[in-house]
Structures are given as structure tokens and as C-alpha cells.
Amino acid sequence: MAYVISDDCIKCGTCIDECPSEAISEGDTKYQINPDACVDCGTCADACPSEAIHPGE
């Protein structure tokens with residue numbers, strides 16, 4: 001299951017640099033994770049300073 005980014009995202013860009021599958025892109029108000037490209041590794045969640053990234057449901 002792909003990870004998701006909540007509204008707690010502060011758009012710092014840390015997650016983009018950490019994502020090995022380049023599944024994260026910048027959205028209008030927060031970053032977004034492409035569920036088709038996400039490999040469910042959790043690297044982005046570990047790197048997120050605002051704890052805005054969680055496993056999807």
C-alpha cells in the first residue's frame with residue numbers, strides 16, 4: 001500500500017530527495033505521492049520533519 005502525505009506537510013522538500021522511486025511531486029498546497037510509483041519503503045516517512053507521511057489505508 002502506498003504512503004500518503006497529510007495536510008501537515010510543510011513543503012520542505014525533504015521527502016523528494018529521499019524517495020528512491022521518484023514517486024513524490026510538488027502539489028499546490030503539499031507534496032503528493034504517486035501510488036503507482038510508490039514502493040512502500042517508508043524512507044519518506046522516516047525523513048519527514050513534520051511527520052506528515054503515513055502508510056495509506
J.: Hey, are the side chains of C19 and T43 touching, using non-hydrogen atoms and a 4.5 Å cut-off?
T.: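 Side chain of C19 against side chain of T43, heavy atoms only: no contact under 4.5 Å found.
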J.: Taking atom SG of C44 and atom OH of Y31, what is their separation to the nearest 0.5 Å?
T.: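 Interatomic distance, C44 SG to Y31 OH, rounded to 0.5 Å: 13.0 Å.
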J.: Roughly how far, to the nearest 0.5 Å, is the CD1 atom of I24 from the SG atom of C48?
T.: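 Rounded to the nearest 0.5 Å, the SG-CD1 separation comes to 9.0 Å.
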J.: When you look at I5 and Q32, which way does the side-chain contact (heavy atoms from CB on, under 4.5 Å) test go after all the steps?
T.: CA-CA 6 Å; I5 300 177; Q32 301 171 347; 5.7 Å; no
J.: Check this for me: D46, atom CG, are more than 12 non-hydrogen atoms of other residues, nucleotides or ligands nearer than 6.0 Å?
T.: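 Correct, the count exceeds 12.
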J.: Without swapping roles, check the side chain of S6 against the backbone of A52 for a donor-acceptor pair under 3.5 Å.
T.: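 Yes; at least one donor-acceptor contact below 3.5 Å.
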J.: If you compare all heavy atoms of Y3 against all heavy atoms of C38, which two are closest, and at what distance to 0.1 Å?
T.: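 Where Y3 meets C38 most closely, the heavy atoms are N-SG, 3.5 Å.
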J.: So do the side chains of E51 and D8 get within less than 4.5 Å of each other, counting heavy atoms only?
T.: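 No, side chains not in contact.
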J.: Walk me through whether I53 and I33 qualify under side-chain contact (heavy atoms from CB on, under 4.5 Å).
T.: CA-CA 9 Å; I53 305 175; I33 299 176; 4.1 Å; yes
J.: Can you tell me how far the CG atom of N34 sits from the OG atom of S25, to the nearest 0.5 Å?
T.: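 Atom-to-atom, N34:CG and S25:OG are 7.5 Å apart.
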J.: Any heavy-atom pair between the side chains of C12 and S50 that's under 4.5 Å?
T.: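 With C-beta onward as the side chain, the pair stays apart.
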J.: Can you tell me how far the CD1 atom of I16 sits from the CD atom of E26, to the nearest 0.5 Å?
T.: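 Here the rounded value is 6.5 Å.
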J.: Provide the closest heavy-atom pair for M1 versus D40 in the form atom of the first, atom of the second, distance.
T.: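 Heavy atoms of M1 and D40 come nearest at O-OD1, 2.7 Å.
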J.: Which pair of heavy atoms, one from K11 and one from G27, lies closest together, and at what distance?
T.: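 Scanning both residues completely, I find the closest heavy atoms to be NZ-O, 3.2 Å.
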